[in-house]
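Residue numbers run from 1 in the order of the sequence given.
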Amino acid sequence: MQATIVKASRTRIKEDIETIARFGGLSEGGVTRLALSKEDMDGRKYLIEKMKEAGLNVTIDAVGNTIGRREGKKKLAPIMIGSHLDTVPCGGNYDGIAGVIAALETIRMLNDEGVETVRPIEVVNFTAEESSRFLTATMGSKCMKGSLTIDKIKSLKDKNGNSFYDALSQAGFEPDKLDSVKKYIGDYHAFIELHIEQGPVLEAEKKPIGIVTFIAAPTRMKINIKGKADHSGNTPMNMRRDALAGASEIILALEKIASEEAGRHTVGTVGDVRVTPGAMNVIPGEVELLVDIRDIDMNEKRKAYELFIESINEVASKRNLIIERELLVNDTPVQMSAKIINTIQEATESLGYPYKIMHSGAGHDAMNLVPITDVGMIFIPSVDGISHNIKEFTEMEDICNGADVLYASLYKLAMEDQ
């Protein structure tokens, strides 16, 4: 069943996004709203108020995933839509937020039109999508998938030593009831996540909508390089065990592997370097690296990882360094549902919006719902391709266009009675 063409309210979306931007807002623009921080909890409180205003029945599970439900005519498996409100440090106002607010707006659009869907609809704000605080991404949806254990969430800690388990408890949630969060095949009819692209392709090709086919997945590591801290003036160059020089070789090796030796979609990043003791006149004795390798092909990602390990071992041997590594995450790339891809494509064409079929190099909560239900993603443009940055920006018109496509897709799926 096709929806009549209904347009999202620019005024409502703009007000919501601007209000949420205040929670953790920075004087220079952008926002820091780390998972389960006071700022995150304040943003959640605002969202819950808006969900209730839209007539949604709000529930919060044991790990803080916040769900607003609109009932349907029949007691069938619901359609879930949404994203996340938490951000990276010094992040932007659109990553995740645009998807949550667009999802909420589709509910208000249904209300405006007096539409009663056959199936229930649930709007979700997932907990801890960003890896910035606990070094593991998409944790709320991973709990829905059932891939995190109590022991694991106790082991994941932030820079202050607070575990994900403790942070959940301090926020008033019930992590000991983790098993209650898990969802199973048949619990949902479909899931769609709208998200900013976080890249330059849609803007460059002047396409307001991207329809995602694959989501890349990360392999993440913590590498600890141990050399010997010595006096920078009295230690000859050929007698040094410089941990930072070794780290530099490792960083460049990863760049070469991702650029030249692995798959055409492979990317590799060292996103954090911590040097000890960190003094100008002391040879670095220890360095910690945080590494991220991604691909949409698991075999190519594995190849990049294996080549990287070889490079690490070579550097350790050549420079007489002790190098320890900890595998933090090794997620599997996923393919979106052909049914949902077709549904989004038909909705986009019915609205007359140009679109691009594309993959996502970034991971998203959507990937964790793939084993449970049919999943799809809608991308909208990021100005200059900037994301995870205070300059992150998406035009309000593009958010509204995305919400229109989400509405038309949602309508069709929510009217299915089988």
Checking Glu205 now: which residues fulfil side-chain contact (heavy atoms from CB on, under 4.5 Å) with it, not counting sequence neighbours? Val201, Lys207, Lys356
With a cut-off of 6.0 Å (strictly less than), are more than 12 heavy atoms of other residues, nucleotides or ligands near NZ of Lys7? yes
Compile the donor-acceptor pairs under 3.5 Å between side chains in residues 53-60 and protein atoms, sequence neighbours left out, one pair per line.
residue, atom, partner, partner atom, Å
Glu53, OE1, Lys50, NZ, 3.3

Rounded at 0.5 Å granularity, tell me how far CG in Asp398 sits from CG in Leu202. 8.5 Å
How far does CG of Asp16 sit from CD1 of Ile101, to the nearest 0.5 angstrom? 4.5 Å
Asp42/Lys38 salt bridge by N-O under 4.0 Å criterion: yes
Not counting sequence neighbours, list each pair that qualifies as a salt bridge (Lys or Arg N to Asp or Glu O under 4.0 Å) and has a residue in residues 17-27. Lys14-Glu18
Do Asp292 and Thr269 have side-chain atoms, one donor and one acceptor, less than 3.5 Å apart? no
Return each pair, listed once, that meets salt bridge (Lys or Arg N to Asp or Glu O under 4.0 Å) where at least one residue sits in residues 158-173; pairs must be two or more places apart or across chains. Arg133-Asp158
Looking at OG1 of Thr373 and OH of Tyr188, how far apart are the two atoms once the value is rounded to the nearest 0.5 Å? 9.5 Å
So with a 6.0 Å cut-off around NZ of Lys339, is the heavy-atom count from everything else above 12? yes
Neighbour count >12 (heavy atoms, 6.0 Å) for atom CD, Glu49: yes
Pair Glu306 + Arg302, salt bridge at N-O below 4.0 Å: no
Between Ser131 and Ala137, is there a donor-acceptor pair closer than 3.5 Å when you use the side chain of the first and the backbone of the second? no
Going by the side-chain hydrogen bond (donor to acceptor under 3.5 Å, both in side chains) test, which pairs reach into residues 309-318, not counting sequence neighbours? Glu249-Lys318
What pairs with Ala8 under side-chain contact (heavy atoms from CB on, under 4.5 Å), at least two apart in sequence or on another chain? Ile13, Glu105, Met109, Cys400, Ala403, Asp404
side-chain hydrogen bond (donor to acceptor under 3.5 Å, both in side chains): pairs with one or both residues in residues 70-84, sequence neighbours excluded: Arg69-Glu71, Arg70-Asn111, Ser83-Glu193, His84-Asp86, His84-Asp95, His84-Glu129
Exercise: do Glu286 and Thr276 side chains pair donor with acceptor under 3.5 Å: no
Show which side-chain atoms of residues 322-334 pair as donor or acceptor with protein atoms under 3.5 Å away, not counting sequence neighbours.
residue, atom, partner, partner atom, Å
Asn330, OD1, Thr219, OG1, 2.7
Asn330, OD1, Lys301, NZ, 3.1
Asp331, OD2, Lys142, NZ, 3.2

Evaluate the ring planes of Phe379 and His364, with Trp represented by its six-membered ring, and classify them as parallel (under 30°), tilted (30 to 60°) or perpendicular (over 60°). perpendicular
Between the main-chain N or O of Gln418 and the side-chain N or O of Arg119, is there a donor-acceptor pair closer than 3.5 Å? yes
I'd like to check Ile192 versus Leu410 (side-chain heavy atoms, cut-off strictly below 4.5 Å). Are they in contact? no
Mind checking side-chain contact (heavy atoms from CB on, under 4.5 Å) for Val383 and listing every partner two or more places apart, or none if nothing turns up? Glu203, Phe393, Glu395
Can you run down the salt bridge (Lys or Arg N to Asp or Glu O under 4.0 Å) pairs that involve residues 179-188, sequence neighbours left out, and say none if there aren't any? none
Once rounded to the nearest 0.5 Å, what's the spacing between atom CD1 of Ile341 and atom OG of Ser409? 12.0 Å
Show me the pairs that pass salt bridge (Lys or Arg N to Asp or Glu O under 4.0 Å) and involve residues 369-384, at least two apart or across chains. none
Counterpart residues, side-chain contact (heavy atoms from CB on, under 4.5 Å), relative to Lys256 (two or more places apart): Glu260, Glu261
